[in-house]
Amino acid sequence: MFSNNPFEAAAKTMKDSAEKFNPAAAQEAFKPVMDHLKAWGDLAQKQAQAAQASMAETVESFKSVKEPQAAFEAMKASADNSIAIATKNLKDVTALGVAQFNSSVDALEKAHPAPEVFATVGKSLKTAASSMETALESAMKNGVAAVKKARNS
């Protein structure tokens, strides 16, 4: 008597699909994934370098401190610089994420059996991502303004 278990089903599917496998097409389909990973790696490296430069600048500024007020000013400058770097990093991460999301929506639309039907959904998804990016930018601006206001009071 024949019994079909999950392993047999998976093995049959793999065997049947092996004949249809096209390595060149698979590599081409995987290329956007690799491009996205490279973009994230490049961004992380750029942000790490900016953080290292900021830390080096802070250390240098503390070397010349001779009085408490100068130390306080150096700490304020370091905090301002840290906030600016964090804000820029968050903007860059958000922009990269939204750009990659939009390219994924474009790829999905292109591969969809009825791209003209999916186009409206794709446009809505992109609009939602753009709105999220705008809301995040607004929240960051408000946060930075609140920190500056608190520091100056």
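In terms of heavy atoms, N102 sits closest to A129 at OD1-CB, 4.4 Å. Minimum heavy-atom separation, I85 to A50: CD1-O, 3.8 Å. K46 approaches D92 most closely through the heavy-atom pair NZ-OD2, 3.7 Å.
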For residues 112-121, please give each side-chain donor-acceptor pair under 3.5 Å, one per line with the distance, not counting sequence neighbours.
{"unit_1": "H112", "atom_1": "ND1", "unit_2": "A114", "atom_2": "N", "d": "2.9"}
{"unit_1": "H112", "atom_1": "ND1", "unit_2": "A114", "atom_2": "O", "d": "3.2"}

Under 3.5 Å, which donor-acceptor pairs link side chains of residues 32-42 to any protein atom two or more places apart or in another chain?
{"unit_1": "D35", "atom_1": "OD2", "unit_2": "K31", "atom_2": "NZ", "d": "3.3"}
{"unit_1": "H36", "atom_1": "NE2", "unit_2": "S103", "atom_2": "OG", "d": "3.3"}
{"unit_1": "K38", "atom_1": "NZ", "unit_2": "D42", "atom_2": "OD2", "d": "2.8"}
{"unit_1": "W40", "atom_1": "NE1", "unit_2": "Q100", "atom_2": "OE1", "d": "2.6"}

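From Q47, atom CD reaches atom NZ of K88 across 7.5 Å, with rounding to the nearest 0.5 Å. Atom-to-atom distance recorded for I83:CD1 and K148:NZ is 8.5 Å, nearest 0.5 angstrom. With rounding to the nearest 0.5 Å, the separation of OG1 in T94 from CG in L136 is 4.0 Å. Rounded to the nearest 0.5 Å, atoms OG1 (T87) and CD (E137) are 10.5 Å apart.
Distance alone, capped at 3.5 Å, places no donor-acceptor pair between the S130 side chain and the K126 backbone.
Evaluation of the side-chain hydrogen bond (donor to acceptor under 3.5 Å, both in side chains) test over residues 50-70, restricted to residues two or more places apart or in two chains, returns S54-N81, T58-S78, E60-K63, Q69-E73.
A chain of hydrophobic side-chain contacts below 4.5 Å, direct or via other Ile, Leu, Val, Met, Phe, Trp or Tyr residues, connects L108 to L125.
The 12-atom threshold is exceeded at CZ of F62, counting heavy atoms of other residues, nucleotides or ligands nearer than 6.0 Å.
With a 4.5 Å cut-off on side-chain heavy atoms, M132 and V98 count as touching.
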